[in-house]
Asks: 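There's a structure below that I have some questions on.
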Amino acid sequence: MKKRTLLIFTGPPGSGKGSLSQLCVSKLGFKQVSTGNLCRQEIAKGTQTGEKIDFLIKSGKLVPDGLITQMVYDWFLEQLDDGALVILDGYPRTVRQAELFHKMILDGTFPFRVVVVQLALDDEAIVKRLSSRFVCQNKQCQAIYSANPDANMMPEKEGICDTCGGEVRRRKDDVPEVIRERLRIYHQHAHPLLDFYNRVGYRVFKLDADQPIKNMLHQFEQETDGLAL
Ligand code: AMP
């Protein structure tokens, strides 16, 4: 039986993983699980776990591997039944997470063929991009916008989400010192993660993230066309 494909979107914060995932959902019928969004939903619930996550996010640190993997696992249990292709956005972020996830691929918990999509963008462009990023505050939506006119991702009405009418604001972790810490942590894990993917035989392809989001979607469609998803 042909296994369903699961795409891991990996890349530095601000490289467009969330924006591209959202386009894949609205235009190509994918399902997206973003661990950043799951974290922000947990914070909004006001649980003790949410409080702990809030502290970590505000300081640019990673949520513990076991906790984030449990959140991904729970999402799959609840959401994975309609046959849609799945994008994992922002997970795994460490080799330990990748190992835990891969174990669930091997033992059949997640019966997927895994393909990694690596979004590449340099640090300077990231800082610029994150400084103009705005996000819908409705935790069920979290649509992404940009105040940069060149990106062509402004909401139609200033401060209001086109999708759900929620309030559009800057993320608390999109401030220079937290961005720097998130980038440091990203670079610490990026190479070991890619080594892991190569070792276990996941196919990896690169997308140029330094281009308008519509062009990225086009490149993504061309690349994935050959994968027979
Ligand atoms: P993102 O929305 O993907 O930029 O994630 C925002 C924040 O959520 C990150 O800076 C981390 O604090 C936390 N987070 C999201 N995904 C993960 C993950 N896979 N592992 C650990 N922490 C994560």
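One-based numbering, in listed order, for ligands and for the atoms of each.
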Asks: Using a strict 4.0 Å cut-off to heavy atoms of Tyr91, name the atoms of ligand 1 that fall inside it.
Replies: 19 (N)
Asks: Please report the shortest heavy-atom distance between His189 and Arg93, naming the atom on each side.
Replies: CB-O, 3.3 Å
Asks: In plain terms, say whether Arg184 and Glu181 are close enough for a salt bridge, that is, a side-chain N and a carboxylate O under 4.0 Å apart.
Replies: yes
Asks: Counting heavy atoms only, which part of Ile68 comes closer than 4.0 Å to ligand 1: side chain, backbone, both or neither?
Replies: side chain
Asks: Can an N or O of Leu56 be found at a distance shorter than 3.5 Å from an N or O of ligand 1?
Replies: no
Asks: Near Tyr202 OH, under 6.0 Å, is it more than 12 heavy atoms from other residues, nucleotides or ligands?
Replies: yes
Asks: For Gln97 and ligand 1, does the shortest N/O to N/O distance drop below 3.5 Å?
Replies: yes
Asks: For a side chain to side chain contact (heavy atoms under 4.5 Å, CB included) with Leu100, tell me which candidate from Arg96, His102, Gln97, Lys103 qualifies.
Replies: Arg96
Asks: For ligand 1, which atoms sit closer than 4.0 Å to a heavy atom of Ile57?
Replies: 7 (C), 8 (O), 12 (O)
Asks: May I ask you to list the atoms of ligand 1 that are less than 4.0 angstrom from any heavy atom of Lys61?
Replies: 11 (C), 12 (O)
Asks: Any N or O of Asp173 that comes nearer than 3.5 Å to an N or O of ligand 1?
Replies: no
Asks: Nearest heavy-atom pair of Glu42 and Ile53: which atoms, and what distance?
Replies: CG-CD1, 4.0 Å
Asks: Does the gap between the ring centers of Phe9 and Phe220 come in under 6.0 Å?
Replies: yes
Asks: For Arg40, counting its heavy atoms only, list the atoms of ligand 1 lying under 4.0 Å from any of them.
Replies: 2 (O), 6 (C)
Asks: Looking at ligand 1, does any of its N/O atoms fall within less than 3.5 Å of an N/O of Ser34?
Replies: no
Asks: So, regarding Arg171 and ligand 1 (criterion: nitrogen or oxygen to nitrogen or oxygen, under 3.5 Å), is there a contact or not?
Replies: yes
Asks: Under 4.0 Å from a heavy atom of Arg182: which atoms of ligand 1 are those, numbered in the order shown and with their elements?
Replies: 4 (O)
Asks: Search all heavy atoms of Met216 against all heavy atoms of Ser15 and return the closest pair with its distance.
Replies: CE-O, 3.9 Å
